Amino acid sequence: MNNKSDKSSWAVGGGLIVGLGVGFFFLSESALAFVGSILVGLGLGLLVASIISMKS
């Protein structure tokens, strides 16, 4: 697998950034919801990364 064509790290990073962005809306209500949204974003990024690596 060519390292330049591997986009799985972009998927994981993007999912983490989306989870962080969504988490800021929940930060005023609960810190655990903030952390939970980060973990959900990370999980979605890992899921997308596995789908991307399966297709290539």
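The shown structure was predicted, so the numbers you read here are calculated from the model rather than taken from an experiment.
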Show which side-chain atoms of residues 41-49 pair as donor or acceptor with protein atoms under 3.5 Å away, not counting sequence neighbours.
none

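- In this structure, the separation between CG on Leu39 and CG on Leu16 is 9.0 Å, given to the nearest 0.5 Å.
- In the hydrophobic cluster analysis, where Ile, Leu, Val, Met, Phe, Trp and Tyr join through side-chain heavy atoms closer than 4.5 angstrom, Val35 is grouped apart from Ile17.
- The stretch residues 28-45 participates, sequence neighbours left out, in no side-chain hydrogen bond (donor to acceptor under 3.5 Å, both in side chains) pair at all.
- Residue pairs meeting the ring-ring contact (aromatic ring centres under 6.0 Å, His included) criterion with at least one partner in residues 7-35, sequence neighbours excluded, are Phe24-Phe34.
- Criterion: ILVMFWY side-chain heavy atoms under 4.5 Å apart, direct or through other members. Under it, Leu20 and Val22 are not part of a common hydrophobic cluster.
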